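The first residue of the sequence shown is numbered 1, and numbering continues consecutively from there. Quantities reported herein were computed from a predicted structural model and do not represent experimental measurements.
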Amino acid sequence: MTMMTSSRLDDLCRDAGLDLRQTPVLLAVSGGADSMAMAHLFYEHGQRLGVSLSMIRALVIDHGLRPESAEEAATAVRRLEAMGIPSRAERLTAPAPQTGIQAWARQERYKALWRDAIKDHAAIITAHHADDQAETVLMRLARGAGLTGLGGIPKDSQFYGVRILRPFLDCPGHVLRDYLSRQKITPIDDPSNHNRKFERVRWRQDQPLLEENGFSRENLLRLSKASQDIHRHLTAHLTPLDGVGFALLSSGMGWIDRDVLTGLPRLLQDQVLKVMMKGLGGGQHLPPSEAMDRLLAWVKAHDSARRTLGGLEFTPKQQKIWIYPEAERRWPECDLTAGDHVI
């Protein structure tokens, strides 16, 4: 892919089953080059379809981690409004932790996007691209990730029932930046994107050396695609067990039958646990492989003690293990009006 155009985005949206004439979108915009290019492409996509501007809007998250972040968020909103995209900025109010700042920021960002998107059942759109995917696979490979982890960032996922689409995962980052340059739109450069204290920045800056040793973006993307294909194949094999060996319930909990699980091949045992944890844990990130291995060993041992992992509680009761979010876990907040419901 050498050039990104609005007609190319038409194809990507069609492939994802996204129709702006029926489903509104909420663009997750930082003000950087990638997300600003995404915003302009979606504006043109909407114009081509002739849809109302109310079907496309943007949310700029101010993490409050730098003194200048509020003004940068306001600048991004002004530039989005100049494009014709209804936009607003939201400042995160939760206190930042001393460590794991980027993971905290990502989770809080998705919560804020969820609160906005749930109002009209909008799909959240992010600007993750092929470079982000390659970096993610590399980071997870270094941590000894399993099959699901090596699949990297999913193109289509959910966060507490809200759909998240990443249509540019096959598109190199420079293609989006070239598009933005042609539109003569000035992005905001966040200095944290160059700070080596963050793991992703280190991998990004060391990429030229890694490529010399075979870890090219193309090879990493091939690994991601192969892992995702195997994941889909394994998940298809679980369909006959749904409701028999395990179940995700509309009440926000689920269960696994111990004997059914332990009678499966190892790969399918892992897959059942991952499907359950993805479905009940917000759908973002799974615990490390070592922790998943310990959980599986606990299931096989028929231990009667309760376990916790990844924000979930695992409680044995006779033949089943019941799984539900930890009681003290903070769930996204939302406003309800008459006729609405939430689990």
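Under the 4.5 Å side-chain criterion, counting only non-hydrogen atoms from C-beta, Gln271 is not in contact with Leu267. With a 4.5 Å cut-off on side-chain heavy atoms, Arg91 and Ser69 count as touching. Side-chain atoms of Val260 and Val272, non-hydrogen and from C-beta on, never get closer than 4.5 Å to each other.
Using cut-offs of 30° and 60° on the angle between ring planes, the pair Tyr43 and His40 is tilted.
In this structure, the separation between CZ on Phe168 and CE on Met38 is 7.0 Å, given to the nearest 0.5 Å.
Contacts of His121 classified as ring-ring contact (aromatic ring centres under 6.0 Å, His included), with partners at least two apart in sequence or in another chain: none. Every residue two or more places apart in sequence or in another chain was checked for a side-chain hydrogen bond (donor to acceptor under 3.5 Å, both in side chains) with Asp303, and none qualifies.
The closest side-chain donor-acceptor pair between His194 and Asp189 falls under 3.5 angstrom. Looking at Thr235 and Arg232, their side chains never bring a donor and an acceptor atom within 3.5 Å of each other. Remark: the Gln269 side chain and the Thr262 side chain contain no N/O donor-acceptor pair separated by less than 3.5 Å.
For the pair Arg306 and Trp298, the cation-pi criterion (under 6.0 Å, within 45° of the ring axis) is not fulfilled. Taking the centre and axis of the six-membered ring of Trp322, the NZ or CZ atom of Lys317 falls outside the cone set by 45° and 6.0 Å.
Under the 4.0 Å criterion applied to side-chain N and carboxylate O atoms, Asp156 and Arg166 are not assigned as salt-bridge partners. Look at Arg217 and Asp132 and you find no salt bridge, because none of the NZ, NE, NH1 or NH2 atoms lies under 4.0 Å from a carboxylate O.
With a 4.5 Å cut-off between side-chain heavy atoms of Ile, Leu, Val, Met, Phe, Trp and Tyr, the cluster of Phe198 takes in Val201.
Within 6.0 Å of the NZ atom in Lys300, the count of heavy atoms belonging to other residues, nucleotides or ligands exceeds 12.
Each of Asp15, Leu9, Asp11 was checked for a side chain to side chain contact (heavy atoms under 4.5 Å, CB included) with Cys13, and the lone residue meeting it is Leu9.
Remark: the backbone N or O of Gly31 is not paired with any side-chain donor or acceptor of Arg79 at under 3.5 angstrom.
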